[in-house]
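This report refers to the structure that appears directly beneath it.
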Protein chains: 2
Amino acid sequence: MGSMRATDTDRIPPHPEVAAVTLQQVLDALVDPVRRSIVTQLADATADIRCGDFDLPVSKSTATHHFRILREAGLIRQHYAGTSRMNTLRRSEVDAVFPGLLDALVNADRAAAVSR
Amino acid sequence: MGSMRATDTDRIPPHPEVAAVTLQQVLDALVDPVRRSIVTQLADATADIRCGDFDLPVSKSTATHHFRILREAGLIRQHYAGTSRMNTLRRSEVDAVFPGLLDALVNADRAAAVSR
DNA sequence: GTCAAAGCTTGACGGCCATCGTACTTCCGG
DNA sequence: CCGGAAGTACGATGGCCGTCAAGCTTTGAC
């Protein structure tokens with residue numbers, strides 16, 4: 001077959017509906033400090049963040065693993081821009097299904113960062 | 001040594017100040033479904049609950065383990081009444097340090113119980 | 001004083017998960 | 001067209017944690 005330009009949909013695995021995600025899945029995702037750091041950095045940002053631009057204390061392959069967990073938990077949305085994978089926090093969608101949860105966690109993380 | 005009547009303080013290990021507990025510790029405690037069930041049952045109750053009166057799918061020794069994790073995370077308070085260990089949710093104290101967290105989790109758990 | 005009830009402690013075991021290195025894929029720049 | 005950059009995929013590994021059974025301690029009841 002000739003060379004075909006891959007669409008975003010081809011290169012990024014499907015995102016679940018947040019309503020189809022269990023609380024257990026969300027907590028399993030957010031209990032890890034690295035993943036919580038990703039969420040917090042996204043919550044503090046004004047624009048999407050490239051995978052490689054996060055400040056993370058793990059290897060690249062481990063980071064990929066964490067992004068996948070977050071995506072499958074319905075917490076982030078990913079799309080390609082060139083070779084870069086961009087990440088957005090699915091804030092309103094998550095808030096609709098788990099009211100107050102993200103706010104409580106992000107605020108608690110911020111407070112911990114201040115007192116530390 | 002003559003027989004001495006043990007006080008509550010003797011028999012129950014010390015409770016931490018909630019302010020001295022980290023968010024990580026709280027999340028580690030609440031990510032386990034058995035422990036979250038304990039917290040939810042306490043949140044729904046009007047009075048303290050005896051350890052043995054919880055509806056839990058694990059053995060007694062495992063339950064003891066879970067109660068310890070919750071106590072050390074500052075989430076529950078324990079005191080003796082005879083041979084029974086009573087449990088209370090430290091709601092106001094936890095709310096003061098982690099605003100909205102308990103509400104979000106308990107409500108999400110309740111919603112999951114309904115739709116299930 | 002004796003016995004059962006309630007719960008804790010300890011040790012062992014099994015499974016899951018975060019982590020990494022390596023190899024591979026895809027795309028952009030020159 | 002080719003090299004590098006950005007990520008992913010795939011084992012392999014190590015540690016942590018939930019689980020249980022067995023034995024012990026304390027208490028209250030009779």
Side-chain angles (χ1 to χ4, degrees), chain A residues 1-15 24-39 48-73 76-88, chain B residues 1-15 24-39 48-73 76-88:
Chain A
M1 305 315 150
S3 63
M4 289 255 309
R5 181 145 190 335
T7 65
D8 249 37
T9 319
D10 291 334
R11 294 189 66 193
I12 303 250
H15 294 73
Q24 188 61 52
Q25 209 176 341
V26 172
L27 286 182
D28 284 335
L30 291 176
V31 74
D32 184 277
V34 175
R35 291 194 286 266
R36 217 163 52 248
S37 168
I38 293 176
V39 168
D48 299 2
I49 304 183
R50 216 183 40 167
C51 282
D53 282 355
F54 284 87
D55 185 21
L56 298 178
V58 295
S59 74
K60 215 163 34 159
S61 58
T62 301
T64 296
H65 166 67
H66 287 308
F67 284 116
R68 182 153 79 102
I69 301 287
L70 287 173
R71 171 168 34 81
E72 293 178 346
I76 65 173
R77 187 173 297 278
Q78 299 190 301
H79 70 99
Y80 264 102
T83 61
S84 298
R85 200 177 264 210
M86 308 300 297
N87 302 273
T88 322
Chain B
M1 309 342 124
S3 63
M4 289 252 312
R5 178 139 188 342
T7 64
D8 247 35
T9 318
D10 291 335
R11 294 189 67 193
I12 304 250
H15 293 72
Q24 189 60 53
Q25 208 175 340
V26 172
L27 285 182
D28 283 335
L30 291 175
V31 76
D32 185 278
V34 175
R35 291 195 285 267
R36 215 163 52 247
S37 169
I38 293 176
V39 168
D48 299 2
I49 304 182
R50 217 182 41 168
C51 282
D53 282 354
F54 283 87
D55 185 22
L56 298 178
V58 294
S59 74
K60 219 168 19 165
S61 58
T62 300
T64 297
H65 166 67
H66 287 309
F67 284 116
R68 181 153 77 102
I69 301 289
L70 287 173
R71 170 168 35 81
E72 293 178 347
I76 65 173
R77 186 174 296 279
Q78 300 190 299
H79 69 98
Y80 264 102
T83 60
S84 297
R85 197 178 266 210
M86 307 300 297
N87 302 272
T88 322

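Labels below follow one simple rule: chain letters A, B, ... track the order of the sequence lines, proteins then strands, and each chain is numbered from 1. Computation of the quantities below employed the complete heavy-atom set of this structure, encompassing side-chain atoms and omitting hydrogens, waters and symmetry-equivalent molecules.
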To the nearest Å, give me how far apart CZ (Phe54(A)) and P (dG7(D)) are.
10 Å
With salt bridge (charged side-chain N to carboxylate O under 4.0 Å, His left out) as the rule and sequence neighbours excluded, what pairs involving residues 49-65 of chain B come up?
Arg50(B)-Asp53(B)
Using the test side chain to side chain donor-acceptor pair (under 3.5 Å), find all partners of Asp48(B) that sit at least two apart in sequence or belong to another chain.
His79(B), Thr88(B)
Hey, is the main chain of Asp32(B) close enough, under 3.5 Å, to the side chain of Gln24(A) for a donor-acceptor pair?
no
Mind checking salt bridge (charged side-chain N to carboxylate O under 4.0 Å, His left out) for Arg36(B) and listing every partner two or more places apart, or none if nothing turns up?
Asp109(B)
Partners meeting side chain to side chain donor-acceptor pair (under 3.5 Å) with Ser84(A) (sequence neighbours left out):
none
What is the separation between atom CD on Gln78(B) and atom P on dA6(C), rounded to the nearest whole Å?
16 Å
Just how far, in rounded Å, is P of dA6(C) from CG of Leu56(B)?
15 Å
Tell me every residue that passes salt bridge (charged side-chain N to carboxylate O under 4.0 Å, His left out) with Arg35(A), counting only those two or more places apart in sequence or in another chain.
none
Residue list, side chain to side chain donor-acceptor pair (under 3.5 Å) with Thr64(A), at least two apart or on another chain:
none
Heavy atoms within less than 4.0 Å of DNA chain D: which residues of residues 57-73 of chain B have one? Give them sorted by number.
Val58(B), Ser59(B), Ser61(B), Thr62(B), His65(B), His66(B)
Any side-chain N or O of Arg85(B) under 4.0 Å from OP1/OP2 of dC8(C)?
yes
Result for 5'-nearest mapping on DNA chain D, choosing between Asp32(B) and Thr83(A), is Thr83(A)
For the helix from dG1(C)-dC30(D) to dG30(C)-dC1(D), how many degrees between its two end axes (five pairs per end), to the nearest 10°?
20°
Between atom CD1 in Ile76(A) and atom P in dG7(D), what is the gap in whole Å?
12 Å
d(CD1, Ile38(B); C1', dG18(D)) in whole Å
13 Å
Polar side-chain atom of Gln78(B) near backbone of Cys51(B) as donor-acceptor pair, under 3.5 Å:
no
Output all residues satisfying side chain to side chain donor-acceptor pair (under 3.5 Å) with Thr83(A), sequence neighbours left out; order by chain, then residue number.
none
Just how far, in rounded Å, is P of dC17(C) from CD of Gln25(A)?
11 Å
Just how far, in rounded Å, is P of dC17(D) from CG of Leu27(A)?
17 Å
Using whole Å, report how far NE2 of His79(A) lies from P of dA6(D).
17 Å
Which nucleotide in the list dG7(D), dG7(C), dT27(D) gets nearest to the side chain of Arg11(B)?
dT27(D)
